[in-house]
Amino acid sequence: MSRPLIARIDTAALAHNLAVARRAAPGARILAVVKANGYGHGLARVARALRGADGFAVLSMDEAALLRAEGYTHPIVLLEGFFHPDELADIARLRLRPVIHRPDQAEILARARLEHKVDVFLKIDTGMRRLGLEPQRLKDTLAVLRGSPQVGGITLMTHFARADEPAHGVAAPLALFRDTVAGLGLPVSLANSAALLAYPESHGDWVRPGIMLYGASPFADRDGLDLGLLPAMHLESRLIATRLLRKGEGVGYGAAFVAERDTKIGVVACGYADGYPRHAPTGTPLLVDGRETRTLGRVSMDMLFADLGPLPGAHVGSPVTLWGPGLPAERVAAAAGTIAYELFTALAPRVPVEET
Ligand SMILES: *Cc1c(COP(=O)(O)O)cnc(C)c1O
């Protein structure tokens, strides 16, 4: 038998989560965010499951080209736009929609000689201070784009920094965006998963859900199931050894866990080289034989330890869920001081992936 670690991707869950997004934002078109290899779930597989979306958003030309090669004719947005003028010929040929986030990119595009017009998403910085035009640069940048025969449709966009935090929300950036674009009459795109779920007033013409499509919650205080979402990734393995740990014995590198009494432990075939977070401390939840227990000690490259004190019947071969149905990735992430986004996208190429 091969190493038992496997990531199962539930394509029906992906489609279900897209339907949840549709119901939550009935008036908007959905740009399914499938960057980072479909948040680690596999780009081609995710696109197939989410083909009912109205468009896809990716980061790289490679991802966009793969989607076109798979035959998708959907609008495809390049979330970081183009990095070099040389990319514009392919952007036009593949009919991609780059995000224009600096005034000089508008100038470069306006001067290019391309085989088709290019539709663009023009991004405004409403307070995240990452990408986008300063609001006062919108008018002149728009004039450059509108003056160019190379530029087709223009959608105005922004991205929220704190839509996932109820104490902050989207009110201030949304008001600034509204003020900035007032009277322009152009389509707009603002909402990530958190804004889509929590702030209907932010929906606009195109919503951009990412994490919720994969079944995880963007909010710290609720998990995906609370929001009606289904986890799309099930990272599962098995126990490959068990031991009796005697009182006072340490386990693993650094003996980071020391037994306070005699207890049974299991060794799970999954480690940080598989994408499991190395910083997950003793106490991080996992399921053995479908029942919740906790990790013990330090995560190693290829293995981690399960506390079998409460599960004396567990044995070599017992199934282990690292995250998935019955154990939201959000909980594992919180225990490890990170977020489900990072767990999903860190899934290592060496982990076999199967569709269910
Ligand atoms: C990644 C990304 C999204 C999706 O965010 P989620 O929190 O995963 O829903 C939306 N918009 C932009 C610009 C992004 O970079």
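Whatever order the structure lists ligands and atoms in, that order sets their numbers, starting from 1.
The backbone N or O of Ala112 lies less than 3.5 Å from a partner atom in the side chain of Gln150, making a donor-acceptor pair. When atom types are taken as modelled, the side chain of Thr155 and the backbone of Pro187 share no donor-acceptor pair closer than 3.5 angstrom.
Given atom 9 (O) of ligand 1, the protein heavy atom at minimum distance is Ser193 OG, 2.5 Å. The protein non-hydrogen atom at the shortest distance from atom 1 (C) of ligand 1 is Lys35 NZ, 1.5 Å. Nearest protein heavy-atom contact of atom 13 (C) of ligand 1 is His159 ND1, 3.7 Å.
Taking only nitrogen or oxygen atoms, main chain and side chain alike, Leu79 does not reach within less than 3.5 Å of ligand 1.
Between Tyr72 and Phe56, a ring centre-to-centre spacing shorter than 6.0 Å is recorded.
Distances below 4.0 Å separate heavy atoms of Ile211 from the following atoms of ligand 1: 6 (P), 8 (O), 9 (O). Ligand-side atoms of ligand 1 in range of Arg208: 3 (C), 4 (C), 9 (O), 10 (C), 11 (N), 12 (C), 13 (C), range being under 4.0 angstrom from any heavy atom.
Hydrophobic cluster of Leu131: no remaining members, since no ILVMFWY side chain lies below 4.5 Å from it.
With distances taken over non-hydrogen atoms, the option nearest atom 4 (C) of ligand 1 out of Phe344, Tyr341, Tyr39 is Tyr39.
Distance check: Ile211 CD1 to Leu196 CG gives 13.5 Å after rounding to the nearest 0.5 Å.
Partners of Asp54 by side chain to side chain donor-acceptor pair (under 3.5 Å), not counting sequence neighbours, listed by chain and number: Arg22.
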